[in-house]
Each structure stands twice: as structure tokens, then as C-alpha cells.
Amino acid sequence: MQNKLYIYNTLSRKKELFEPINPPFVGMYVCGPTVYGDAHLGHARPAIAFDLVFRYLQHIGYKVRYVRNITDVGHLENDADEGEDKIAKKARLEQLEPMEVVQYYTDRFHTNMNQLNVKSPSIEPRASGHIIEQIEMAKKILDAGYAYETEGSVYFDVVKYNQSHNYGVLSGRVFEDLITTTRELEGQEEKQNPADFALWKKAQPEHIMRWTSPWSIGFPGWHLECSVMGTKYLGEQFDIHGGGMDLLFPHHESEIAQSVAANGKQPVKYWMHNNMITLNGKKMGKSLGNAVSLEDFFTGENKLLQQSYSPMTIRFFILQAHYRSTLDFSNEALQSAEKGLKKLLTAGHTLDKVVASDKSTSNIKELRDKCYEAMNDDFNSPVLISHLFEGVRIINSVKDKKETISAEDLEILKKTFHDFVFDILGLRDEETKGGNELADDLMKTILEIRQQARAKKDFATSDKIRDELVRINIIIKDTKDGSEWSIEE
RNA sequence: GGUACCGUGGCCGAGUGGUUAGGCGGAGGUCUGCAAAACCUUAGACAGCGGUUCGAAUCCGCUCGGUACCUCCA
């Protein structure tokens, strides 16, 4: 690869040169959604952030296997009195089979992802499809002596592990604090230490989702699925593991401990964490009750929203911030993203009509290089976008004949624009184009009539045509080279 | 309390020891029958207080404010 890509590695808290374990292949695992409710804006962040990573790695020539799981089993809900499976609870409330709920929300998640133009991962494994492997891994950890069984449940022995390894490498947690700073919580008495975590949990009678294991009828512990599915599809050691910053501890820390205990190897070379989307400065989360679903954004049906926002507006809004920064949502911010996106995409169309000259007044090759530099610097999409807006300025200036561009540079600019706007940022044009020949022909005739009226200074007629067209969402723009039309939402 | 981190102009957001981020909005202008679009110019910032330095928004310390995690939610 001629591109020197630097990735911020949470493990070292530094930007590191990206060198895959087995080039040109790259293995990437990202924690996917728990499918017990509709996806909200908070879900869009990691999906889009790692879609960008996936797209860029492919663009610069890597063969990427991207695994993003669907979590559909066995986890407890914090507001439940007794430990109760999130999905099981939802199922009981709606009188549905748990897997019916899973299917429903998985489908809706996929629909949202398609709307956001998020590429499907290479493999999208479900936790419920890997119960056997999770039992196997728990056995391995037991055999290695890093876990113990109590009352049909299996717990990871964090204290034992930390004697020879560092439980806290990733999160920077101080081990002594972990085992001393504890709270009184229910269901802790089975554990030897409060910091220990479950590998297998015996099911209570009210649990609907349950599987047979050597220890009890129950369900796998919280962190095991990711360790298992990452290992199964990407190997004991793979390149990139991603997820939200909120998963750093204890989830990812525990994943490392499980993999090291079972396989004796550090599982991941580069850990990447995206930051949160905030609403009035607070993390947006379902459990916090301030989540706005993606569906709501697309339809505008939410008290917090002044209007609807298209999927591409949401995508552009997210890409305008660096993935490791918090991003504060507001109507004003989304509206400015909407306008900025339109400006960018319009320039893309203008580019097709631009005419080349003998030489260029702007340095197009430098612009292209800057775009790569931005992406190579830990996927800095906001800086990339600022360079693309420089491209927009050039395109419009050339169109207005205030600047010129050579034929060679024009090709470079077109390729750069196409590569970065569509392939890498994954934006797409949502505007309903005229498209069909009938509309084109009709508009051509109408515009000719209007032009004749204007030539005769019959502005009453020309304005009437324009105003009437506005009513059916057709916008006329008069330029020096004639009139243009487009269909707006 | 512990861990990680943040505080940038009206809004959203890059940057990070010396030089323009960018978008939206504002002001002025060019173009135009008008409108729109486009282009040009422009105003406005680095929470506060100290320190290091020839020079700090950028490094260090303190103060204030904020966020995430520390939960059998993954």
C-alpha cells in the first residue's frame, strides 16, 4: 500500500501506522446492535463510522472481512427487579416469541442501514447461532483455570487472571480500585469477587431464552459472544476491533481477558472507539429516554424535531465530525448539514458540465493528495469534507469562467470527487431527478416558451411559468447559459 | 471517589507551539428584468487565572464547568 494510514489505537492511546497482520487481508470486528428496539441516532454513529473505515480500507486496496454481530440473546436489564433477559421481557410484553422480536427489529435495523447507505458487513453473525462455540470457549477458560463454576453459573476469575495478566490494559482501570470500589448489588453473592463476570448464567424460571450446557440450562454471559464470533471468523488474532466508547469497559476489557485466557494471545491489534452522539450535552441512549429513532428523523415525527431529515443528511451530519469526538445534535446543526450536503452534491452535477481549458488555475493534484492525507490521519472525515468544499469552490469558479482547469486535471477532479464523495464517504444523491425522457422533453418545451417570453420582456408570463412549476416542486434557475430545472422535495 | 476525556466565533465542528480549517448563519459586493444559484470580500474564537517560551488556542499547573465508563445492558 502506498498510503500510510494511521489509526488511533485505544490500546496505546496513540495514532499508530496501520500494518495488517496478514496483508493485503484485514479482519475487522465491530460490536453490532442489540435487536430489542428501533435503531436511533446513537446506533447510526458506529455504523457509519466503521462503514467509513470499511470503505476506505477497501478503497486503498485491502481485502477486508468485516464482521458485525447481531446481539439477540441472554442479557439482563438494569431496571428489572429480577435478572431478566432484555429480549425475553420485550417478548412477554408484546406476546411474541423472542425470535420473532429479534427478526422484526433485525429487519428494521437493516432497512435503516440501507437508507443510510451503510454497506452490509461481510458476515453478520448472531449470538444465538453461536451458543455451542460460546460453551466451548467457556470450557477452555475453565480448563485454563481462569474461571469457576458456582450454582450452575460460570464466572471469569478476574483476580486470578490479573496475577499473570493485566485486567485494565485497554481501559486504564487500576485493578485495586476495581476490586475495592464495589457497590452492593443483587446477585453478587455467587461471585468470589464483584469484579468477576459471567461466562454462563443459569436461567431463572422466567427466562424464555435458554440453552442446555454442561453446567445448567441457561444463557451465555455478556462478553462471550464477541470473543467467540471474532475468533471464529477472523482468527485468534485479527486487525481491528471497533465499537462505541461506552463499550470500552467492561465489555472490551473482558473480551481481551477471555481471549487471552482461552487462546493465550492478545486478540486484537488495533482497538477503535467511536464517541457518543449527545443531546443537550448528554449521551443519547434508549435507557436514558432521550433517544430519537432514525425513523423519527426520516419522518420528522418527534417533538424534538422541527422538520424531517433525510438519511443522507444524517449521514453527512455524522461525517462532519471526527468519529472520536462527541457530536451534539440540534435542529440548527442538522439544517446546516442539509444545506452543506446539497451544495456538495450540486457541485458534483456541475462538474459534469465543466469544460476544460489549456491549463489550470488551481492545484488539483494537491487537492487530491490532501484528501488522502485527511483520511490517512485516523479517518479524518471533517477535514476531508473541508477539502471537498475547496473542490466545490473550484468547480463553481470554473463554471463561472473565473477559473480554468486542464483536461487532465478535470479528470483527476472528477475521479477525486467521485471516489471520496460517493465511494468513501458513502453519500448518494437523494434528489429525485427528472430522469425520464418525457419529463425532459416537456421541460425543454416549457423552458423554451418561457425563454421567448423573457426575450419579449413578458415577465408576467415567465414568472407565472416559474411560480406554477414551483407548486409542483420544480425549481427553475436562470443562468448565463440558459435555464436549468430540478425537482426539489 | 477512581478511570478516560472535553470546554474553539451566533450554531455545528477541524486543528494543535509561529502561517485561512470547513459548513450553516450575518454583513457588503458581482451577476440578474426579478428570483434563485454561484462567485468575491468581510466581521467574529480558542472557559478563567498563573507558568514555560523569542512566541501558546496549542505545553505545564491550578480553578470553574461538562461528558462517558466504573451495572449479570451489550
Side-chain angles (χ1 to χ4, degrees), chain A residues 10 13 31-34 36 69 71 73-80 83-86 127 153 155 168 171-174 176-178 180-183 185-188 190-191 194-198 201 219 221-223 225-226 243-251 253 273 275-276 278 281-283 285-287 316-317 320-322 324-341 343-344 346-347 350 374 380-390 392-393 395-397 399-403 454 457-459 462-463 466-467 470 475-480 484:
Chain A
T10 309
R13 312 228 171 250
C31 293
T34 302
Y36 70 105
N69 66 297
T71 294
V73 299
H75 302 288
L76 300 165
E77 196 166 37
N78 57 3
D79 58 356
E84 187 177 9
D85 191 307
K86 265 190 179 175
S153 293
Y155 294 97
S171 60
R173 291 294 196 286
V174 179
E176 283 67 31
D177 294 339
L178 286 177
T180 49
T181 317
T182 94
R183 304 181 207 173
L185 292 162
E186 288 183 42
Q188 294 279 28
E190 288 183 359
K191 295 189 198 175
D196 294 347
F197 55 87
K201 187 77 181 161
F219 52 92
W222 23 330
H223 315 303
E225 60 177 91
C226 289
M245 248 158 96
D246 50 345
L247 300 176
L248 224 164
F249 189 90
H251 185 52
E253 190 73 60
H273 292 93
N275 216 315
M276 303 293 105
T278 57
K282 294 261 196 303
K283 170 187 164 186
K286 188 178 175 73
S287 57
F316 187 69
F317 171 68
Q320 265 191 313
H322 185 79
R324 281 190 290 115
S325 300
T326 53
L327 172 58
D328 203 47
F329 149 81
S330 68
N331 280 283
E332 204 177 350
L334 279 171
Q335 283 158 12
S336 74
E338 185 177 51
K339 288 180 183 167
L341 173 64
K343 184 174 174 179
L344 185 66
T346 301
T350 305
N380 200 326
S381 54
V383 168
L384 166 62
I385 288 169
S386 79
H387 294 322
L388 292 173
F389 274 111
E390 170 65 13
V392 170
R393 212 210 86 239
I395 290 165
N396 290 325
S397 297
K399 185 199 173 199
D400 282 6
K401 299 185 169 55
K402 287 174 179 163
E403 291 204 30
R454 290 179 71 211
K457 297 204 186 297
D458 178 8
F459 298 123
S462 67
D463 287 353
R466 184 171 63 195
D467 294 345
V470 165
I475 309 296
I476 302 287
K477 291 172 191 166
D478 298 327
T479 71
K480 284 173 189 160
E484 296 174 353

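We name chains A, B, ... by the order of the sequence lines, and we start the count at 1 in each one.
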Student: Can you see if the side chain of Lys343(A) gets near the phosphate of rC24(B) - specifically, an N or O under 4.0 Å from OP1 or OP2?
Tutor: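 Lys343(A) to rC24(B) OP1/OP2: side-chain N or O found under 4.0 Å.
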Student: OP1 or OP2 of rG15(B) sitting under 4.0 Å from any side-chain N/O of Asn380(A)?
Tutor: yes
Student: Kindly say if Lys401(A) contacts the phosphate of rA38(B), meaning a side-chain N or O under 4.0 Å from OP1 or OP2.
Tutor: no
Student: Asp400(A) side chain: which of rA4(B), rA38(B), rU3(B) is closest?
Tutor: rA38(B)
Student: Under 4.0 Å between a side-chain N or O of Lys282(A) and OP1 or OP2 of rU67(B)?
Tutor: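 So the side chain of Lys282(A) is within the cut-off, an N or O lying under 4.0 Å from OP1 or OP2 of rU67(B).
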Student: Taking atom types as modelled, find out whether Ser330(A) and Asp328(A) have a side-chain donor-acceptor pair closer than 3.5 angstrom.
Tutor: no
Student: Expressed in whole Å, how much space separates the P atoms belonging to rG25(B) and rA36(B)?
Tutor: 13 Å
Student: It should be established whether Lys339(A) places a side-chain nitrogen or oxygen under 4.0 Å from OP1 or OP2 of nucleotide rG25(B).
Tutor: yes
Student: If you compare all heavy atoms of Arg466(A) against all heavy atoms of Ile476(A), which two are closest, and at what distance to 0.1 Å?
Tutor: CG-CB, 4.0 Å
Student: Can you find a side chain N or O atom of Ser325(A) that sits less than 4.0 Å from OP1 or OP2 on rA14(B)?
Tutor: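 Yes.
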Student: Quote, to the nearest angstrom, the P distance that separates rC69(B) from rG26(B).
Tutor: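 Per the computed distance, 38 Å lies between those P atoms.
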Student: Measuring from atom CG of Leu334(A) to atom CZ of Phe316(A), what distance do you get when rounded to the nearest 0.5 angstrom?
Tutor: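 Rounded to the nearest 0.5 Å, the CG-CZ separation comes out at 12.0 Å.
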Student: Base, sugar-phosphate, or nothing for Ser153(A), non-hydrogen atoms under 4.0 angstrom?
Tutor: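 Result for Ser153(A) = nothing.
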Student: Tell me which nucleotide, if any, is Watson-Crick or G-U wobble paired with rG33(B) when both distances must be under 3.5 Å.
Tutor: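 Across any shown strand, rG33(B) pairs with none.
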Student: Check the phosphate of rG22(B) against Arg393(A), side-chain N and O only, distance under 4.0 Å to OP1 or OP2. Yes or no?
Tutor: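 Answer is no, no contact under 4.0 Å.
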Student: Below 30° counts as parallel, above 60° as perpendicular, anything between as tilted: where do the rings of His223(A) and His251(A) land?
Tutor: tilted
